[in-house]
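Here is how names work: the chains are called A, B, and so on, in the same order as the sequence lines, proteins then strands, and each is numbered from 1. What you see below is based on every heavy atom in this structure, not just the backbone, and it leaves out hydrogens, waters and symmetry mates.
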There are 2 protein chains.
Amino acid sequence: MTFMTKQTSIDNLCLAKGMRMTEQRRVIARVIDSSDDHPDIEEIHRRAVAIDPKVSIATVYRTLRLFEDAGIVIKHDFGNNRACFESASRTHHDHIIDIESGQVIEFCDSTIEELQKKIALKHGFVLTGHKMELYGKRIQDNDKIK
Amino acid sequence: MTFMTKQTSIDNLCLAKGMRMTEQRRVIARVIDSSDDHPDIEEIHRRAVAIDPKVSIATVYRTLRLFEDAGIVIKHDFGNNRACFESASRTHHDHIIDIESGQVIEFCDSTIEELQKKIALKHGFVLTGHKMELYGKRIQDNDKIK
DNA sequence: CTACATGCAAACCGTTTGCCCACTT
DNA sequence: AAGTGGGCAAACGGTTTGCATGTAG
């Protein structure tokens, strides 16, 4: 297969869902695909424009909603009043937010995941999703000692 | 001048923090205090106006921020793009959100709380807070009267 | 060629704020 | 009487949308 534009796994997902693939969507897909953090719309737009200046912020909004509805990306709300995104193809994880630096650490704990399912069931619900964020302070060396 | 509004536990907290107690703040405190759900600003305003029509929405915003900063209320973001509040004096709990009706159910699970603390520690953090929301669909088998 | 996607700017919506008057202390 | 709080409406910031044009299929 020829490589005119860089092909991403998201591209394939889009095609599989039958959505029309424009250059903008390809660029945004590539940005998401090659990000290992949780960029917000503005940042995604910035990264997209670096690849192709023709991408407008409105298209970023529209495309991310499209991707989200298609289950291609996951939208987060870390409490900054701005949506943050990451590829849904990344393995599931939750987040620890450093309340001092704002840094985001990822983790996954299957025991908690199991418990959540059970709790939901106990209350008469089928779990369709969850959000768990731990907020904390980094432990200093002297804290560890005591 | 007039002292027509009843005294609430939040009132006392406010006084303890040395904040000036106006009629509006008392009304809003009373609304929060007597709510066992998670009303948003508009709903709090509605309830406040029912007690005293003189309360403006701007004051509701200002007062709730004040209360939040003072640790008197807890602000939630259940993903509707609107802040929801509840009294901080209520015992700790997390939430299950019915993705179909938006209804909010409260629960508390000490096993998960323990695990969260451990996970944070494992990653070098002291847990200072957490947010956990389970999203799910009601399992309906008996309440099907239509 | 047609239907859908994009760019632009205006509209939107929850929230914040400036200004000036009212009220608490 | 001094100074904070409230009401109103305008400002704000992130997000959505109407319209005319561009483009994938």
To the nearest Å, give me how far apart CG (B:Asn81) and P (D:dT16) are.
8 Å
In whole angstrom, what separates A:Ile41's CD1 from D:dG13's P?
18 Å
Would you say the ring centers of B:Phe78 and B:His95 fall short of 6.0 Å from each other?
yes
Closer to the 5' end of DNA chain C via nearest nucleotide, is it B:Arg82 or B:Met19?
B:Arg82
Using whole Å, what does the distance between atom C1' of nucleotide D:dT16 and atom CD of A:Glu42 come to?
16 Å
Whole angstroms only, please: what is the CD1-P distance between A:Ile57 and C:dC12?
21 Å
So does B:Thr22 get a side-chain nitrogen or oxygen closer than 4.0 Å to the phosphate oxygens (OP1/OP2) of D:dG6?
yes
Do A:His76 and A:Glu86 have side-chain N/O donor and acceptor atoms under 3.5 Å apart?
yes
Atom CG of residue position B:Asn80 - does it have more than 12 heavy atoms of other residues, nucleotides or ligands inside 6.0 Å?
yes
Verify the distance criterion only: is there a donor paired with an acceptor across the side chains of A:His92 and A:Glu106 at less than 3.5 Å?
no
Starting at atom CD1 of A:Ile44, determine the distance to atom P of D:dT15, rounded to an integer number of angstrom.
10 Å
Once you round it to whole Å, what is the distance between C1' of D:dG25 and CD of A:Glu23?
16 Å
Check every atom of C:dC8, D:dC8, D:dG25 against the side chain of B:Ala58 and return the nucleotide holding the closest atom.
D:dC8
Quick one: label A:Arg25 by what it contacts on the DNA or RNA (base, sugar-phosphate, nothing), any heavy atom closer than 4.0 Å.
sugar-phosphate
N/O (side chain, B:Tyr61) to phosphate O (OP1/OP2, C:dT15) under 4.0 Å
yes
Output the rounded distance in Å from CZ (A:Arg65) to P (D:dT17).
5 Å
Heavy-atom nearest nucleotide on DNA chain D for B:Arg20 versus B:Val55: which residue maps closer to 5'?
B:Arg20
Around atom NZ of A:Lys131, are there more than 12 heavy atoms from other residues, nucleotides or ligands closer than 6.0 Å?
yes
Just how far, in rounded Å, is C1' of C:dA5 from CG of A:Asp69?
16 Å
